[in-house]
Structures are given as structure tokens and as C-alpha cells.
Undergrad: 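Structure below; questions to follow.
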There are 2 protein chains.
Amino acid sequence: MGKTDAFLEHADAIERGLLDIGRAAKASGVSVKMVRHYEAIGLLKKVARTYANYRVYTMNDVHTLQFIKRARTLGFAVKDIRALLALWQNKSRSSAAVKKVAGAHLEELERKIAEMQSMVAALQHLTHNCQGDQRPDCPILEDLAGARKPGA
Amino acid sequence: MGKTDAFLEHADAIERGLLDIGRAAKASGVSVKMVRHYEAIGLLKKVARTYANYRVYTMNDVHTLQFIKRARTLGFAVKDIRALLALWQNKSRSSAAVKKVAGAHLEELERKIAEMQSMVAALQHLTHNCQGDQRPDCPILEDLAGARKPGA
DNA sequence: TTCAAGTCTGCCACCATTGGAGGGTCAAGT
DNA sequence: ACTTGACCCTCCAATGGTGGCAGACTTGAA
């Protein structure tokens, strides 16, 4: 027992293949700030500490951080990631449950894309008709000001 | 003098074509909350008040709110709208200045769309390969967990 | 011993919007 | 007059994900 306590020295931990927060961050691609944040919001379980109160990460923790990082890169919200992590750790999950989360996110992404595309279409139309010169006449401002085609 | 002071009674104001915040909100499509907010951040100049401290809006104010609403609908950030409003009110502006703001926003939108589209592509690939049945085997989780095609 | 780099906690800022609490006001109806 | 309900007021908090800073401590190496 005493010997396992001595384990929690920073240098010993590193020697044994454990990582401090900086190394865990680098290894996972998550910023140090966000590593702490994910722990604070319970996405990552509370990790061990050295005697000096430094966080100590296992390769397993790093793996989880990589999982989170990849999910964020795919645009999953933290609440989705929470669900995905639970499914990941649950060996008797159904792939249907995972697909449902991914599918909902996919729909949300497509909705947002469509929304932005309609903005782009409107803006392109306006900027196309705008001379972009010294003169003040500007269809963009006219549209914003509510000037709906005077001819109509 | 005394007569003009009497102007700031709620009923009088309405009678004279002015609007209280609720009517201004409805007329512009901006929520009451946000009308106050836009004033607080200086997007809309401070409006007059009745003796009871109710805000009083002119049709001109409503027009500005409509401008803001339309710009938000097109995805412009508040700081952009601030610039656009200034250009709108400056009769000697150049259309080039307006076009520059719109163009930058357009590029930003297109950048975000591309980013999300790459997320969609990745997710579609994963969900396409996921059975979505009772079994636990799931390419989506495998990807998140970092399983980069074992064969490679 | 000293110094830089790393870590700790905690708080603030961003962006746009919504919600609530706790109170005042207005215009009806009784 | 009095009540009621729909307004309005101000102030504060929270959202989500991240960055930044301050003040204090630890580490490891020169």
C-alpha cells in the first residue's frame, strides 16, 4: 500500500508512462484549457493527482480525449458526445442507438447549411448587382432598408 | 412649451402615430427583448420616453429596426450591422464600402458552409456503413475511437 | 539559488438571445 | 373606486465552447 502511494510523484508518474495535462493535451489535440473544462463538466471522469495536485492522465484518458476531439471535429455538441461516450463504453449497445445520434446531428448540420446557403444566395444576388464603386447607389443597402423592387 | 411637454403621455403618443415597444417590436419583427438590447449596445439610438418611462418609437426607429432585422436574417453580425447602419445613414458613402462588408460576410458564410459540408460528408460515409441494428458493431464509434482502417 | 516553463484555481469576455424576478402602468370591466 | 390582465420597466443569469488573464505554487535544469 505504502509503495503504491509513492506512485503519485510527478517524475515517477511520467516515468511510468502516465502524462501530465500538457502532454495529454498534446497527445490528444485538445487544449489544456479544454481538458480541464471537459473534466469540470463531467465529460471526462476526474483523474488522479500527484501530491502537488497536478492532474495525471493514463493512455486510456488520452484515448477518451481523442474521441472527444474527433467528435467535436465532426461538429457534435457536448451533450451528444456525452451520449456517444456512454454508448462507446457500453459494450451491449446497439449500433442503431449510435446511428440515431449521428443521424440527428446530420440533419441539424444539413438544416444549418441550407439556411446559410439561402443567405449566400441572397447576398450573391445583391452584391452582383452592386457596382462597388465610388458612387453611393447600393442595392445591398436598399434591400436592407426594405426597398422591395419599386417596379413590383 | 407646456403643451409640448404634455406630448409624452402614452395615449397621446400612440394617437400621434408613435409606437410603444410592443408595437415597434411587432412592426419590425424584432422581439421586445432584442429591441431593448439593441438600444443597450448602441445599435439603435436612445429613444424618447413617456412620463411613465415607457419607450416611444417613431416610424424612423421602426425602419431602423427592420434594417437590423433584415441584416440579421442575412447572417450579418452585430458589428457588421453597426457598420452598415453607419453607411446607410451616410449619404456620401461609396457602394464599394458596403460591398466590402457584404463580401467579407459572404466569404465567411462560404467558409462555414464548406466546413460543415466536410462534416456532413464524413458523417454520411460513417452512417452509410453502419447497420443501425441491435448489434453493437458500429463504424461510427470505431471512427471516433480512432480506429483508422485496420487494413491500411 | 534562480529562472523559465508548467500547473493550479477562479473569474471575465465573447456572441446573440432568452428567461425570470420583482416591480410599476395602463385600460378595461365591475 | 377597485380588480384584473396585459403591458412595460430594470437588473441579473444562463446558454455553448473557447480563450485569456491573474496570482500562487511546482518542477527541473542551469
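Sequence lines set the chain letters: A, B, ... in the order given, protein chains first and strands last, and positions in each chain run from 1. FYI, side chains are in, hydrogens and waters are out, and symmetry mates aren't considered; it's all heavy atoms of this structure.
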Undergrad: Provide, to the nearest angstrom, the distance between the CD1 atom belonging to A:I14 and the C1' atom belonging to D:dT26.
TA: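 Distance check: A:I14 CD1 to D:dT26 C1' gives 13 Å.
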Undergrad: Distance check needed: D:dT27 P versus A:E9 CD, whole Å only.
TA: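 So the CD-P distance, A:E9 to D:dT27, works out to 7 Å.
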Undergrad: Between D:dC8, C:dA16, C:dT9, which nucleotide gets closest to the side-chain atoms of B:V32?
TA: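 Among the listed nucleotides, the one closest to the side chain of B:V32 is D:dC8.
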Undergrad: For C:dT17, take OP1 and OP2 only and decide whether either is under 4.0 Å from a side-chain N or O of B:Y38.
TA: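 Checking B:Y38 against C:dT17: at least one side-chain N or O falls below 4.0 Å of OP1 or OP2.
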Undergrad: When the distance from CZ of A:R23 to P of C:dA5 is rounded to whole Å, what number comes out?
TA: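 Taking CZ of A:R23 and P of C:dA5, I get 15 Å after rounding.
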Undergrad: Roughly how many Å is it from NE2 in A:H37 to C1' in D:dG19, rounded to a whole number?
TA: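 Taking NE2 of A:H37 and C1' of D:dG19, I get 12 Å after rounding.
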Undergrad: Please tell me if B:R49 has a side-chain N or O lying less than 4.0 Å from either OP1 or OP2 of D:dT10.
TA: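 Yes, within the criterion.
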Undergrad: Answer whether the closest heavy-atom distance between the side chains of B:Y38 and B:R72 falls below 4.5 Å.
TA: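 Side-chain contact under 4.5 Å: yes.
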Undergrad: Examine C:dT17: is either OP1 or OP2 under 4.0 Å from a nitrogen or oxygen in the side chain of B:R72? Give yes or no.
TA: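 Yes, because at least one side-chain N or O of B:R72 sits under 4.0 Å from OP1 or OP2 of C:dT17.
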Undergrad: Write down the distance between CD1 (B:I21) and P (D:dA6), rounded to a whole number of angstrom.
TA: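 Going from B:I21 (CD1) to D:dA6 (P), I get 19 Å.
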Undergrad: I want to check one thing: is the phosphate of D:dG16, taken as OP1 and OP2, less than 4.0 Å away from some side-chain N or O of A:R82?
TA: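 Answer is no, no contact under 4.0 Å.
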Undergrad: Could you please name the option among C:dC26, D:dT10, C:dT7 that lies closest to any side-chain atom of A:D20?
TA: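 Within the option list, the nearest is C:dT7.
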Undergrad: So if I take every side-chain heavy atom of B:Y54 and compare against D:dC9, D:dT18, C:dT9, which nucleotide ends up nearest?
TA: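 Selected nucleotide: D:dC9.
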Undergrad: Whole angstroms only, please: what is the NE2-P distance between B:H10 and D:dC9?
TA: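 Going from B:H10 (NE2) to D:dC9 (P), I get 9 Å.
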Undergrad: Scan B:R36 against the nucleic acid and name what it touches under 4.0 Å (heavy atoms): base, sugar-phosphate only, or nothing.
TA: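 It contacts base atoms.
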Undergrad: Might you work through the side chain to side chain contact (heavy atoms under 4.5 Å, CB included) test for B:D20 and B:R55, ending with a clear yes or no?
TA: CA-CA 6 Å; B:D20 58 30; B:R55 290 176 179 80; over 6 Å; no
Undergrad: For the side chain of A:K33, starting at C-beta, report the closest nucleotide among C:dT18, D:dG19, D:dC8.
TA: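 The closest nucleotide is D:dG19.
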Undergrad: Can you figure out which of C:dC8, D:dT27, D:dT10 approaches the side chain of A:A52 most closely?
TA: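 Within the option list, the nearest is D:dT27.
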Undergrad: In whole Å, I'd like the distance from the CG atom of A:L18 to the P atom of C:dT7.
TA: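 To the nearest whole Å, that distance equals 14 Å.
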Undergrad: State plainly whether one hydrophobic cluster holds both B:Y54 and B:L44, where clusters connect Ile, Leu, Val, Met, Phe, Trp and Tyr through side-chain heavy atoms under 4.5 angstrom apart.
TA: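 No, B:Y54 and B:L44 fall in different hydrophobic clusters.
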Undergrad: Quickly work out the B:I41 CD1 to C:dA13 C1' distance and round it to whole Å.
TA: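 Going from CD1 in B:I41 over to C1' in C:dA13 covers 15 Å.
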Undergrad: Between the side chains of A:D137 and A:R135, is the shortest nitrogen-to-carboxylate-oxygen separation below 4.0 Å, so that they form an ion pair?
TA: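 Answer for the salt bridge query: no.
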Undergrad: Report the nucleotide, chosen from C:dA16, C:dT7, D:dG19, that has the shortest atom-to-atom distance to any side-chain atom of A:S31.
TA: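 Of the candidates, D:dG19 comes closest.
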Undergrad: Please check if the number of heavy atoms outside A:Q117 that lie under 6.0 Å from its CD is greater than 12.
TA: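 Yes, because the 6.0 Å sphere around CD of A:Q117 holds more than 12 heavy atoms from other groups.
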Undergrad: Can a side chain N or O of B:R55 be found less than 4.0 Å away from OP1 or OP2 on D:dT10?
TA: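 Checking B:R55 against D:dT10: at least one side-chain N or O falls below 4.0 Å of OP1 or OP2.
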